[in-house]
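Reading through the structure tokens given below for one structure.
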Protein chains: 2
Amino acid sequence: MKIPAGRPSSRKRILEAAEALAREQGPGNISLDAVAARAGLSKGGLLYNFPTKAKLLEALVEMHIERAETALERSIGAGPEGRNAMALAYLRYCRQEMIDRPEPASGVLAAIAENPEFIDPVRRYQKQVMERLRERSADLELSTLAFLAIEGFWSLRLMESDCIRPDEVQRVLDRLERELEGVDPA
Amino acid sequence: MKIPAGRPSSRKRILEAAEALAREQGPGNISLDAVAARAGLSKGGLLYNFPTKAKLLEALVEMHIERAETALERSIGAGPEGRNAMALAYLRYCRQEMIDRPEPASGVLAAIAENPEFIDPVRRYQKQVMERLRERSADLELSTLAFLAIEGFWSLRLMESDCIRPDEVQRVLDRLERELEGVDPA
DNA sequence: ATTACTGTACCGTCCGGACGGTATTGTCAA
DNA sequence: TTGACAATACCGTCCGGACGGTACAGTAAT
């Protein structure tokens with residue numbers, strides 16, 4: 001767990017290379033040779049960092065979840081303790097992520113393509129989010145709706161679908177945010 | 001285009017075998033041999049029906065889109081010409097599909113894994129749905145929200161995530177349906 | 001001496017796809 | 001009605017290449 005500094009650590013470079021390849025060549029077509037070449041090291045070097053392809057894919061999924069968890073945690077910390085606090089935090093984290101990271105999380109698809117078991121951590125993460133929504137929602141149905149819509153948004157981004165224009169997305173999320181902040185429940 | 005009857009046509013059996021394998025072994029792990037074996041014919045026979053693997057995956061995507069299109073069309077025909085007719089039809093089609101076809105559309109993932117270009121038909125389909133929503137919505141934001149939520153729902157099903165309980169899903173969709181039917185816009 | 005690699009050579013396996021058969025069922029002229 | 005041919009729907013094998021992974025000798029920095 002050392003950070004040699006200078007250029008990003010090999011581990012990080014490898015993970016980003018794998019991610020980029022998954023996006024460009026298709027999630028099922030990332031070979032160790034290609035990843036190594038793209039990351040700017042030898043195959044031996046790659047296998048030094050990740051002894052098997054499975055470990056690499058596992059790390060890819062883990063990276064995304066860790067990013068999501070810390071960003072979400074930050075959003076929860078920043079937000080107020082209002083009516084549907086958790087859903088609002090989740091929605092705001094999602095909006096920030098849209099700006100910060102326009103690229104889809106194709107690495108996760110690559111992992112799933114290889115072995116469906118690699119989604120398990122994602123499922124755990126989602127379950128945890130839903131659990132917190134259940135605890136901290138004045139209007140659970142509305143919060144769940146927000147969760148589903150955000151999930152749908154990730155999914156569209158994953159397929160790089162442009163069926164909804166950015167301004168339309170903004171308006172929908174604005175509306176959702178207003179309703180979560182809540183004028184009245186029912 | 002003959003229908004030999006007796007058991008389902010080889011084409012259909014092959015597509016279903018590929019689908020099942022994608023679900024079980026992972027979308028990136030369907031080999032022609034495995035598909036042939038599962039479909040109950042030889043590799044030669046498979047390649048007679050689908051001259052290349054790409055054609056098979058293409059057909060897999062096409063099958064899903066055709067199913068979705070006809071089911072959606074039927075739902076549009078059955079529904080009334082109310083306030084947010086298109087979104088309501090889409091939502092009702094989705095609810096019906098939940099019952100009729102509990103298995104996720106893993107075949108589409110298999111195609112994407114091999115070559116991201118295979119999503120193009122899906123994107124076209126989504127664009128077409130959104131276009132119709134734009135034409136036939138009293139409250140476009142709400143309709144778009146419904147579209148996103150449904151997309152999210154498909155996505156959760158694709159990952160076989162059980163983070164939301166079925167009864168919770170039902171309640172959210174009930175609520176969405178009521179709001180789309182509309183007591184008042186704003 | 002340890003860490004973090006590079007570079008090359010290699011192995012075994014899997015997989016897509018080409019290809020040469022084969023069985024069955026028409027079709028049609030003589 | 002029979003023989004000639006052809007189309008349909010497959011079977012089973014084989015080949016070449018890609019890929020995951022191993023092994024190992026060397027190296028430059030710390």
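A, B, ... follow the sequence lines: proteins, then strands. Residue 1 opens every chain. Worth knowing before you read on, the calculation uses all heavy atoms, side chains too, and leaves out hydrogens, waters and symmetry mates.
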Atom [atom1] of [X] and atom [atom2] of [N]: how far apart are they, to the nearest Å?
{"X": "B/Glu114", "N": "C/dG16", "atom1": "CD", "atom2": "C1'", "value": "10 Å"}
{"X": "A/Lys55", "N": "D/dG20", "atom1": "NZ", "atom2": "P", "value": "17 Å"}
{"X": "A/Leu47", "N": "D/dA23", "atom1": "CG", "atom2": "P", "value": "12 Å"}
{"X": "A/Leu41", "N": "D/dA28", "atom1": "CG", "atom2": "P", "value": "18 Å"}
{"X": "B/Leu46", "N": "D/dA9", "atom1": "CG", "atom2": "P", "value": "15 Å"}
{"X": "B/Asn29", "N": "C/dG16", "atom1": "CG", "atom2": "C1'", "value": "15 Å"}
{"X": "A/Phe50", "N": "D/dC19", "atom1": "CZ", "atom2": "P", "value": "20 Å"}
{"X": "A/Leu32", "N": "D/dT22", "atom1": "CG", "atom2": "P", "value": "11 Å"}

Checklist entry - Is A/Glu151 salt-bridged to B/Arg157, going by a charged N under 4.0 Å from an acidic O? => result no
Checklist entry - Would you find a donor on one side and an acceptor on the other, under 3.5 Å apart, between the side chain of B/Lys53 and the backbone of B/Ile30? => result yes
Item to check | Which residues share a salt bridge (charged side-chain N to carboxylate O under 4.0 Å, His left out) with B/Arg101, sequence neighbours left out | outcome: B/Glu97
If the cut-off is 4.0 Å, is [X] near the phosphate of [N], judged by side-chain N/O to OP1 or OP2?
{"X": "B/Ser10", "N": "D/dC10", "result": "yes"}
{"X": "A/Asn49", "N": "C/dA4", "result": "no"}
{"X": "B/Tyr48", "N": "D/dC10", "result": "no"}

Checklist entry - With a 3.5 Å cut-off and just heavy-atom distances, do the side chain of B/Lys53 and the base of C/dG17 make a donor-acceptor pair? => result no
Checklist entry - Any N or O donor-acceptor pair linking the side chain of A/Lys43 to the base of C/dG7 at under 3.5 Å? => result no
Next on the checklist: What's B/Ile30 touching, base or sugar-phosphate or nothing? Going by heavy atoms closer than 4.0 Å.
Outcome noted: sugar-phosphate
Next on the checklist: What's A/Ser42 touching, base or sugar-phosphate or nothing? Going by heavy atoms closer than 4.0 Å.
Outcome noted: base
Checklist entry - Can you tell which of B/Arg67, B/Met63, B/Glu69 makes a side chain to side chain contact (heavy atoms under 4.5 Å, CB included) with B/Ile65? => result B/Glu69
Checklist entry - According to the interplanar angle, ranging from 0 to 90°, do the rings of A/Tyr93 and A/Trp154 count as parallel (below 30°), tilted (30 to 60°) or perpendicular (above 60°)? => result tilted
